[in-house]
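Contents: one structure, followed by commentary.
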Amino acid sequence: MEIKKRSSPPLFLADNLALDFINSEYGTGENRHDCFDNAQSVIDWLETTGLVPKGTVAPPELLAEARQLRDAARAVVHAAMQSREAELTVINRVLENGRPEARLTWEKDTGRYRVDVHSGVDSPARLLWPVADALVKLVTDDKFEYVRQCEAHDCILLFHDLSKSHRRRWCSMATCGNRMKVAAFRNRKGS
């Protein structure tokens, strides 16, 4: 039996681009939500994050590539959290095929050289490259140890705990944190 995924608005609460991308699919069981239900929804997510300009046209295969990257990114983060190796083919393909082109150019107005970076939006890999790059930076950073999964029993969201004490437990205090504290209170009162 296939679980029906309902389209939902994206959640931006992870404090990290790659984790927010992974969190574009969330929930468990029949309450599964996928923010990417067509290529335009991927473009909308990329526009919201400022990675592409408004009005960007979705190239063919963007939805499939975004979902593959999201699944691969989730697997890499979970593997890294457990100090295990994960399959890297999809991520490395996006990194290689989507790499922005950097060119040294002369700017007559200022009389200086500058780097001109052209990333283009002509392929899914070029659109998704910043997400793959953010993932690489996340899993290779010393602060990766502060990547957490929400402690709510029915939540799969990930976040980067950048709080001063590094004791954040919930994806969002307004949702899961509040629900779990209310449940704990009821359990204490009922026993």
Side-chain angles (χ1 to χ4, degrees), residues 7-26 34-81 83-148 157-162:
S7 179
S8 296
L11 304 171
F12 294 96
L13 45 77
D15 292 323
N16 180 276
L17 177 68
L19 295 176
D20 281 329
F21 187 77
I22 292 168
N23 289 343
S24 64
E25 180 182 42
Y26 59 93
D34 190 344
C35 300
F36 299 158
D37 56 358
N38 57 43
Q40 187 57 50
S41 61
V42 178
I43 291 292
D44 293 344
W45 189 93
L46 293 167
E47 284 179 358
T48 301
T49 61
L51 295 176
V52 300
K54 282 237 181 260
T56 299
V57 177
E61 303 300 318
L62 178 60
L63 178 62
E65 187 80 9
R67 285 180 171 171
Q68 286 177 13
L69 178 60
R70 181 178 60 196
D71 292 344
R74 181 180 292 114
V76 165
V77 168
H78 282 290
M81 290 170 78
S83 299
R84 289 186 302 110
E85 186 177 7
E87 174 59 45
L88 303 173
T89 305
V90 171
I91 295 161
N92 285 331
R93 183 182 70 230
V94 171
L95 288 169
E96 183 178 336
N97 296 340
R99 181 178 297 122
E101 298 171 14
R103 294 190 180 109
L104 186 62
T105 60
W106 177 256
E107 199 169 88
K108 289 181 182 180
D109 296 343
T110 62
R112 298 182 70 176
Y113 287 101
R114 72 178 179 92
V115 175
D116 183 25
V117 178
H118 174 72
S119 62
V121 292
D122 55 347
S123 75
R126 288 210 175 192
L127 288 167
L128 298 170
W129 184 88
V131 175
D133 184 56
L135 176 70
V136 168
K137 289 174 181 165
L138 175 69
V139 298
T140 59
D141 190 316
D142 291 341
K143 294 188 179 184
F144 180 79
E145 68 181 290
Y146 301 120
V147 171
R148 310 263 194 270
L157 294 179
L158 298 165
F159 60 91
H160 202 187
D161 181 4
L162 300 176

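Listed here is the closest heavy atom pair of Pro130 and Leu51: CB-CD2, 3.7 Å. Minimum interatomic distance between Ala14 and Leu19 (heavy atoms only, all atoms of both residues): CB-CB, 3.5 Å. Taking both residues in full, the closest heavy atoms of Val147 and His160 are given as CG2-CD2, 3.7 Å, listed atom of the first, atom of the second, then distance. In this structure, Phe144 and Val77 approach most closely via the heavy-atom pair CZ-O, 3.7 Å. Closest approach of Trp106 to Gly111, counting heavy atoms only: CH2-O, 3.1 Å. Closest heavy-atom contact between Ala39 and Leu63: N-CB, 4.0 Å.
In terms of the side-chain hydrogen bond (donor to acceptor under 3.5 Å, both in side chains) criterion, residue partners of Arg84 (sequence neighbours excluded) are, by chain and number, Gln82. Shown here are the ring pair (Phe, Tyr, Trp, His ring centres under 6.0 Å) partners of Tyr146, two or more places apart in sequence or in another chain: His166. Residues satisfying the side chain to side chain contact (heavy atoms under 4.5 Å, CB included) test with Ala86, not counting sequence neighbours, are Val76, Ala79. With sequence neighbours excluded, the residues forming a salt bridge (Lys or Arg N to Asp or Glu O under 4.0 Å) with Arg103 are Glu101, listed by chain and number. In terms of the side chain to side chain contact (heavy atoms under 4.5 Å, CB included) criterion, residue partners of Glu107 (sequence neighbours excluded) are, by chain and number, Thr110, Arg114. A search for salt bridge (Lys or Arg N to Asp or Glu O under 4.0 Å) contacts involving Asp161 returns nothing, not counting sequence neighbours. The salt bridge (Lys or Arg N to Asp or Glu O under 4.0 Å) search around Arg74 returns Glu25, Asp71, not counting sequence neighbours. Partners of Thr48 according to the side chain to side chain contact (heavy atoms under 4.5 Å, CB included) rule, which considers only residues two or more places apart in sequence or in another chain, are Phe12. Applying the side chain to side chain contact (heavy atoms under 4.5 Å, CB included) test to Ala73 and every residue at least two apart in sequence or in another chain returns Ile22, Leu135.
Between Trp45 and Phe21, the ring-plane angle classifies as perpendicular under the 30° and 60° cut-offs.
Listed by first then second residue, pairs satisfying salt bridge (charged side-chain N to carboxylate O under 4.0 Å, His left out) with a partner in residues 41-57 read Glu47-Lys54, not counting sequence neighbours. Within the structure, every pair that satisfies the salt bridge (charged side-chain N to carboxylate O under 4.0 Å, His left out) test and touches residues 86-100, not counting sequence neighbours, is listed here: Glu65-Arg93. Among pairs with a residue in residues 131-145, those fulfilling side chain to side chain donor-acceptor pair (under 3.5 Å) read Asp133-Lys137, at least two apart in sequence or across chains.
Distance CG/Asp15 to CG/Leu158: 12.5 Å, rounded to 0.5 Å. To the nearest 0.5 Å, the span separating CG on Leu17 from CG on Leu138 amounts to 10.0 Å. Atom-to-atom distance recorded for Phe159:CZ and Asn23:CG is 10.0 Å, nearest 0.5 angstrom. A distance of 14.5 Å separates CZ of Arg126 from CG of Leu62, quoted to the nearest 0.5 Å. Note: Thr105 OG1 to Tyr113 OH = 10.0 Å, rounded to the nearest 0.5 Å. Distance check, rounded to the nearest 0.5 Å: CG of Leu46 to OG1 of Thr56 gives 8.5 Å.
Proximity of Pro59 to Leu127: side-chain heavy atoms (C-beta onward) are separated by under 4.5 Å at one or more points. Using a 4.5 Å cut-off on side-chain heavy atoms (C-beta onward), Leu95 and Val136 make contact.
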